[in-house]
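Step one of this worksheet: look at the structure below.
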Amino acid sequence: MAGPDLIKTLLYTVNNLLQQEKYKAALAVLKGFRNGAVYGAKIRAPHALVMTFLFRSGSLRDKLKAILKATYTHSRNLAYFVFTYKGLQALQQKIQGKSLQSHSFLAACVGGWLVFGDNNNINSQINMYLLSRILFALSRLAVEKGFIPQPKQDPFPLFATLVWGIVLWLFEYYPHTLQPSLQSSMTYLYHDSNVWHDISDFLVYNKPRTASQK
């Protein structure tokens, strides 16, 4: 019975610790690390699975290794960032005795530089994803604060027109400027659809199957 009793005592001690207000800031940092790791894996794993099997060549082993590496990198980086951000936020608040808007900005700047400043494919995708979101958010904030007038008509159709016009122009004439995964997707959609040999690679497959695949 010593085993179950020990586990009950340990769980009671841990749960009691988690209820202590004086440890809340530090515990929030730890849970943020946990949430960052879990969310990063949930987001990256299915994306890496689809993109790898659609566009990456190589053996099954190589593909699985690529999926695991991408998932690990995304999960680790997000966990590190949340840990850094929440830790620096808590530190600034403790030093100044209150929470300020600048705390969030400065903490995120430091975390972004330390974690997402390394120029690799994963960080590039994450940073570009965020860039599109903050441009939307800043546009709405500018209207909300009165810096620019409220549009009389929905600007979304114009936005969509420019986005698609510019990205396809870049893809057709300056593809090297686009992120590799976007290049692969657009090549599949717009260039691979120009080539076929018979019904097999017109409807069933994108490209003719090699002898080893048959």
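Quick caveat, the model's predicted, so the values are computed rather than measured. If you read the sequence from its start, that first residue is 1, and numbering goes on from there.
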Exercise. Between F136 and F159, what is the ring plane arrangement, given parallel below 30°, perpendicular above 60°, and tilted in between?
Worked result: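 Rings of F136 and F159: perpendicular, as their planes differ by over 60°.
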Exercise. Under the 4.5 Å side-chain heavy-atom rule for ILVMFWY, direct or indirect, which residues accompany L131?
Worked result: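 Its cluster mates, by chain and number, are I134, L135.
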If you group Ile, Leu, Val, Met, Phe, Trp and Tyr by side-chain heavy-atom gaps below 4.5 Å, do [X] and [Y] land in one group?
X: V163; Y: F156; value: yes
X: I126; Y: L49; value: no
X: Y39; Y: L30; value: yes
X: I67; Y: I43; value: no
X: L182; Y: Y190; value: yes

Exercise. Honestly, is R133 close enough over Y129, meaning NZ or CZ under 6.0 Å from the six-membered ring centre and within 45° of the axis?
Worked result: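 Because its charged atom sits under 6.0 Å from the ring centre and within 45° of the axis, R133 does stack over Y129.
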How long is the gap from [atom1] on [X] to [atom2] on [Y], to the nearest 0.5 Å?
X: Q150; Y: E144; atom1: CD; atom2: CD; value: 10.5 Å
X: T161; Y: I166; atom1: OG1; atom2: CD1; value: 10.5 Å
X: L60; Y: K65; atom1: CG; atom2: NZ; value: 12.5 Å
X: Q92; Y: S102; atom1: CD; atom2: OG; value: 6.5 Å
X: L27; Y: K86; atom1: CG; atom2: NZ; value: 11.0 Å
X: N206; Y: Y188; atom1: CG; atom2: OH; value: 5.0 Å

Heavy-atom side-chain contact between [X] and [Y] under 4.5 Å:
X: R56; Y: S184; value: no
X: L88; Y: L106; value: no
X: F116; Y: L130; value: no
X: L6; Y: L10; value: no
X: R61; Y: L64; value: no

For this session: Can you sort out the partners of N127 under side chain to side chain donor-acceptor pair (under 3.5 Å), two or more places apart, ordered by chain and number?
Result: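 By the side chain to side chain donor-acceptor pair (under 3.5 Å) rule, N127 matches no residue at all.
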For this session: Apply side chain to side chain donor-acceptor pair (under 3.5 Å) to S200 and list each qualifying residue two or more places apart in sequence or on a separate chain.
Result: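 Expected list: D198.
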Which atom pairs, one a donor and one an acceptor, fall under 3.5 Å between side chains of residues 117-124 and the rest of the protein, sequence neighbours left out?
| from | atom 1 | to | atom 2 | distance (Å) |
| --- | --- | --- | --- | --- |
| D118 | OD2 | N120 | ND2 | 3.2 |
| N120 | OD1 | I122 | N | 3.2 |
| N120 | OD1 | N123 | N | 2.8 |
| N123 | OD1 | N77 | ND2 | 2.9 |
| N123 | ND2 | V115 | O | 3.4 |
| N123 | ND2 | D118 | O | 2.8 |

Let me check something: any side-chain donor-acceptor pairs from residues 14-23 under 3.5 Å, sequence neighbours excluded? List them with distances.
| from | atom 1 | to | atom 2 | distance (Å) |
| --- | --- | --- | --- | --- |
| N15 | ND2 | L11 | O | 3.2 |
| Q20 | NE2 | N16 | O | 3.3 |

Problem set entry | For the student: nearest non-hydrogen atoms of A79 and A37, plus distance |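 Of all heavy-atom pairs spanning A79 and A37, the closest is CB-N, 3.6 Å.
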For this session: Looking only at non-hydrogen atoms, find the nearest pair between S75 and A41 and report the distance.
Result: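 Closest approach of S75 to A41: CB-N, 3.8 Å.
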Problem set entry | Pair Y85-S104, side-chain donor/acceptor within less than 3.5 Å |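 A pair is found: one side chain offers a donor N or O, the other an acceptor, under 3.5 Å apart.
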Exercise. Under 3.5 Å, is there a donor-acceptor pair linking the side chains of H74 and Q125?
Worked result: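 Result is no, nothing qualifies.
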For this session: Evaluate the criterion side-chain contact (heavy atoms from CB on, under 4.5 Å) for residue pair K145 and V143; output intermediate values, then yes/no.
Result: CA-CA 5 Å; K145 297 293 184 180; V143 173; over 6 Å; no
For this session: Assess whether side-chain contact (heavy atoms from CB on, under 4.5 Å) is satisfied between N35 and V82, documenting all intermediate values.
Result: CA-CA 8 Å; N35 284 6; V82 177; 6.0 Å; no
Between side-chain atoms of residues 167-181 and protein atoms elsewhere (two or more places apart, or another chain), which donor-acceptor pairs fall under 3.5 Å?
| from | atom 1 | to | atom 2 | distance (Å) |
| --- | --- | --- | --- | --- |
| E172 | OE1 | H191 | NE2 | 3.1 |
| T177 | OG1 | Y174 | O | 2.7 |
| Q179 | OE1 | S181 | N | 3.0 |
| Q179 | OE1 | S181 | OG | 2.4 |

For this session: Report the C-alpha distance between S99 and Q89 in whole Å, list the side-chain angles of each, state the deciding distance to 0.1 Å, and finish with yes or no for side-chain contact (heavy atoms from CB on, under 4.5 Å).
Result: CA-CA 8 Å; S99 180; Q89 254 196 326; 5.5 Å; no
For this session: Test F147 against L141 for side-chain contact (heavy atoms from CB on, under 4.5 Å), laying out the working first.
Result: CA-CA 9 Å; F147 297 127; L141 185 62; over 6 Å; no
